[in-house]
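Notes follow once the structure below has been shown.
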Amino acid sequence: MTTVRRSDATRAAILEAARERFASDGYERATIRAIARDAGIDPSMVMRYYGNKEGLFAAASEVDIDIPELGALPARHVGAVLVTHFLERWESDEVLTAMLRVGVTNEAGAARMQAIFAQQLGPVTRGVCPDPADAPRRAALAASQILGMALTRYVLRLPPAVEMSAEEVVAWLGPTVQRYLTAEAP
């Protein structure tokens with residue numbers, strides 16, 4: 001039992017160090033050695049548990065974006081609720097910012113972001129759009145707005161995007177996301 005606990009503690013330390021290192025250095029510059037040093041372990045332990053840097057990144061970037069259930073909401077509120085939710089997540093979770101940085105610079109990171117959005121935003125979109133067959137396209141359009149704001153606000157830190165209050169961002173983006181998800185197709 002002690003071995004299992006030690007193993008769990010080691011894995012947790014590795015993942016915490018990896019998340020911090022990927023967030024600060026990005027995927028390309030983060031190294032197994034630096035992550036192991038941050039976790040206070042030998043680099044061979046990282047390799048033992050995660051195989052390679054891609055495996056470690058996949059585990060460290062496993063994130064539930066915890067999209068709220070939208071089915072009970074009046075359709076006119078869906079866009080604002082989603083934009084508000086994502087802003088709150090980005091404000092409180094450096095893992096998402098790290099994933100976005102990696103996603104725009106690395107193939108494995110992009111694949112990880114694609115999977116998360118497909119698995120988690122896709123079902124929500126199918127539940128609210130007029131034609132469920134059109135859900136992937138609508139989810140991609142909604143993601144373009146949400147990820148675009150996250151990129152400008154949290155990665156590039158463009159002053160006008162950073163200076164806007166969350167309420168202003170929701171007021172600007174909410175209607176656009178709303179239209180993408182619920183309006184009749186053009």
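Atom-to-atom distance recorded for Tyr154:OH and Leu87:CG is 4.5 Å, nearest 0.5 angstrom. With rounding to the nearest 0.5 angstrom, the OG1 atom of Thr10 is 6.5 Å from the CD1 atom of Ile41. Atom CD in Glu107 sits 15.0 Å away from atom CZ in Arg112 (nearest 0.5 Å). The distance from the CG atom of Leu100 to the CD1 atom of Ile146 is 12.0 Å, given to the nearest 0.5 Å. Taking NE2 from His77 and OG1 from Thr84, the interatomic distance works out to 11.5 Å, rounded to the nearest 0.5 Å. Rounding to the nearest 0.5 Å places CE of Met47 at 6.0 Å from CG of Asn52.
Not a single donor-acceptor pair under 3.5 Å links the side chain of Arg179 to the backbone N or O of Gly79. Within the 3.5 Å criterion, the main-chain N or O of Met149 finds a donor-acceptor partner in the side chain of Thr152.
Using a 4.5 Å heavy-atom threshold, the side chains of Arg21 and Asp38 count as touching. In this structure, the side chains of Leu15 and Arg19 come closer than 4.5 Å at one or more pairs of heavy atoms. Residues Leu121 and Leu82 are in side-chain contact: their nearest non-hydrogen atoms beyond the backbone lie under 4.5 Å apart. A heavy-atom distance below 4.5 Å is not found between the side chains of Tyr27 and Arg101. The side-chain heavy atoms of Tyr180 and Gln145, taken from C-beta on, include a pair separated by under 4.5 Å. Contact check for Val155 versus Val104: no side-chain heavy atoms found under the 4.5 Å cut-off. For the pair Glu163/Glu168, no side-chain contact is recorded, criterion being any heavy-atom separation below 4.5 Å from C-beta on. Ile35 places a side-chain heavy atom less than 4.5 Å from the side chain of Phe22.
With hydrophobic clusters built from ILVMFWY side chains whose heavy atoms lie under 4.5 angstrom apart, Val162 does not share a cluster with Val170. Leu173 and Leu141 are assigned to two separate hydrophobic clusters, defined by single-linkage of ILVMFWY side chains at heavy-atom distances under 4.5 Å. Linking ILVMFWY residues whenever their side-chain heavy atoms come closer than 4.5 Å, directly or via other members, places Ile116 and Leu181 in the same cluster.
Residues Arg138 and Cys129 come closest through the heavy atom pair CD-CB, 3.4 Å. Across Gly103 and Ala110, no two heavy atoms sit closer than the pair O-CB, 3.4 Å. When every heavy atom of Asp42 is checked against every heavy atom of Ala36, the shortest pair comes out as C-CB, 3.9 Å. When all heavy atoms of Arg153 and Ala161 are compared, the pair lying nearest together is NH1-O, 2.7 Å.
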- Message: Walk me through whether Val124 and Val78 qualify under side chain to side chain contact (heavy atoms under 4.5 Å, CB included).
- Response: CA-CA 10 Å; Val124 169; Val78 169; 5.9 Å; no

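Under the 4.0 Å criterion applied to side-chain N and carboxylate O atoms, Lys53 and Glu28 are not assigned as salt-bridge partners.
With sequence neighbours excluded, the residues that form a side-chain contact (heavy atoms from CB on, under 4.5 Å) with Glu184 are Pro130.
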